[in-house]
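Structure, as structure tokens:
Below, chains carry the letters A, B, ... as their sequence lines are ordered, and counting in each starts from 1.
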Number of protein chains: 2
Amino acid sequence: MKTQLYSFWRSSASFRVRIALNLKGIDHEIIPIHLLKNGGEQTSTQYEDKNPNRLVPLLIEGDHAIHQSLAIIEYLEEVHPNPPLLPKNAIDRAWVRALAMDIAVDIHPIGNLRVLRYLMKNLGVSAQNKDAWSQHWMRLGLNSLEKQLSKSASAGRFAYGDTPGLVDICLVPQIFNALSAGLDTSCFPKLMTIYRECMALPEFVDAAWEKQIDAEGLNPSIPPKK
Amino acid sequence: MKTQLYSFWRSSASFRVRIALNLKGIDHEIIPIHLLKNGGEQTSTQYEDKNPNRLVPLLIEGDHAIHQSLAIIEYLEEVHPNPPLLPKNAIDRAWVRALAMDIAVDIHPIGNLRVLRYLMKNLGVSAQNKDAWSQHWMRLGLNSLEKQLSKSASAGRFAYGDTPGLVDICLVPQIFNALSAGLDTSCFPKLMTIYRECMALPEFVDAAWEKQIDAEGLNPSIPPKK
């Protein structure tokens with residue numbers, strides 16, 4: 001059976017795994033899960049049976065279902081080691097994982113769809129303050145990332161060296177979000193240089209929002225290709 | 001030079017690494033970073049030079065500084081493989097990493113100190129609603145975890161098998177938070193059984209809040225040992 005990925009076009013975590021699958025050259029089928037329609041298809045009993053945490057992405061390989069984007073990517077790295085998405089030595093792997101988590105742990109979950117909905121619905125936060133919230137956590141996290149990558153001796157065309165890897169995989173979807181949220185990205189020159197390098201590669205472009213089978217028209221906020 | 005860990009007694013992410021260091025039997029020194037005093041010691045220039053993401057924990061081993069708790073633990077696992085904290089085969093490792101991230105990605109960051117402060121200070125959210133927020137995300141995440149672990153064939157005395165590993169390392173600090181936040185944990189019988197197994201081990205007890213050199217007295221909300 002072909003590898004399947006339950007995915008939503010605008011989901012950053014899904015986007016990460018789509019890039020990883022493309023970089024690894026793993027033939028796969030995308031199964032769209034709409035996070036908004038019908039109260040969110042991820043909350044259906046059918047989907048919850050597959051993934052009790054009711055989030056995307058979910059990877060199905062043979063009999064196995066794996067959730068959590070970074071756990072999926074680590075799995076792909078172990079089972080399909082080429083091309084590698086992590087460095088060879090332990091200390092560099094730790095560095096790359098830490099930067100990836102600076103995005104996946106400390107930026108993304110706080111601005112996730114369900115969190116923004118809770119802010120507005122349950123706490124009565126205005127749309128304006130909700131946007132300020134999103135921008136605040138993105139700016140804080142991307143600032144730290146810009147500092148770290150600017151002074152990193154191991155950064156090359158990409159976040160680590162001259163081939164794309166785990167940091168780039170997490171960075172690009174986050175930059176999509178930042179641009180979509182109207183964040184001024186001019187204060188992140190290093191990140192935007194890496195972003196443009198990535199978006200020159202078909203593996204990233206094909207994983208992007210507007211290329212998905214469930215994409216809902218061209219979003220005006222979709223960032224420029226280059 | 002002895003391994004050093006920059007840590008705050010109540011920080012869940014620091015707590016995770018303290019448990020991992022204890023389980024691996026790695027001799028280390030704790031350097032306290034107070035997340036509240038003086039506007040937060042993690043925001044000092046001195047600390048930011050070491051860790052631009054201005055969070056704890058930070059591990060110093062020789063010339064290397066590693067941040068992000070899960071990146072640190074993966075590093076420790078690679079450099080000090082015994083006793084292992086991850087299963088042997090790739091699919092089980094993916095499972096364990098996913099459950100750990102269900103906590104470290106999808107519960108913890110949303111209820112982190114800096115997030116709660118922003119809610120109250122910047123959005124004017126009441127203390128009551130702030131507590132409801134914390135409880136909401138914990139309940140949601142722990143519910144999912146309870147479901148997954150209850151039906152897991154690989155769960156034993158601990159979340160995976162009969163020796164403590166990465167899920168347990170993430171679970172125990174989160175249960176500390178849940179108990180401290182007054183969450184009713186009776187709906188998580190599987191999680192609480194695992195929690196009690198863990199808290200019967202000195203490696204977990206010695207990493208706990210009240211055993212830290214920077215602990216601020218016995219907190220009345222500290223959960224029962226057993």
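The two residues A:A90 and B:Y75 have their closest heavy-atom pair at O-CD1, 3.7 Å.
A salt bridge links A:R93 with B:E78: the closest approach of a Lys/Arg side-chain nitrogen to an acidic carboxylate oxygen falls below 4.0 angstrom.
Of the residues considered (B:L119, B:L59, B:V96, B:V115), B:V115 shows the highest number of contacts with chain A, using heavy-atom pairs under 4.5 Å. Per-residue counts of heavy-atom pairs under 4.5 Å with chain B were compared for A:P109, A:G124, A:S126; the largest is that of A:P109. Your options are B:N143, B:L123, B:I91, B:I66, and the one with the most heavy-atom pairs under 4.5 Å with chain A is B:I91. With chain A as the partner, the residue from B:L145, B:D102, B:L70, B:L140 showing the most heavy-atom pairs under 4.5 Å is B:D102. Of the listed residues (B:K147, B:E48, B:H64), the one with the most heavy-atom contacts under 4.5 Å to chain A is B:H64. Per-residue heavy-atom pair counts under 4.5 Å with chain A were compared for B:S69, B:A104, B:A98, B:G141, and the maximum is reached by B:A98. Note: A:M101 leads A:M101, A:H108, A:K151, A:Q148 in heavy-atom pairs under 4.5 Å with chain B.
Side-chain N/O atoms of B:Q68 and A:D106 include a donor and acceptor closer than 3.5 Å.
Annotation: the span from B:I110 atom CD1 to A:Y118 atom OH amounts to 11.0 Å, rounded to 0.5 Å. We find the CD1-CZ distance between A:I72 and B:R97 to be 12.5 Å, quoted to the nearest 0.5 Å. How far CG of B:L55 is from OG of A:S144: 8.0 Å, rounded to the nearest 0.5 Å.
Around CG of A:D63, the count of heavy atoms belonging to other residues, nucleotides or ligands within 6.0 Å does not exceed 12. The number of heavy atoms from other shown groups lying within 6.0 Å of CG (B:N89) is above 12.
At a 4.5 Å heavy-atom cutoff, the contact between B:R114 and chain A is made by backbone and side-chain atoms alike. Proximity to chain A (any heavy atom under 4.5 Å) is shown, for B:A65, by neither the backbone nor the side chain. Neither the backbone nor the side chain of A:A100 comes within contact range of chain B; no heavy atom of the residue lies under 4.5 Å from a heavy atom of that chain. Of the two parts of B:E61, neither the backbone nor the side chain holds a non-hydrogen atom closer than 4.5 Å to a non-hydrogen atom of chain A. Of the two parts of B:H136, only the side chain, counted from C-beta on, holds a non-hydrogen atom closer than 4.5 Å to a non-hydrogen atom of chain A. With a 4.5 Å cut-off on non-hydrogen atoms, B:V79 touches chain A through its side chain but not through its backbone. When heavy atoms are compared at a cutoff of 4.5 Å, B:W133 approaches chain A by way of both its backbone and its side chain. Looking at B:V125, only its side chain comes within 4.5 Å of chain A, counting heavy atoms on both sides.
Relative ring orientation between A:H67 and B:W95 is described as perpendicular, the plane-to-plane angle rising above 60° on a 0-90° scale split at 30° and 60°.
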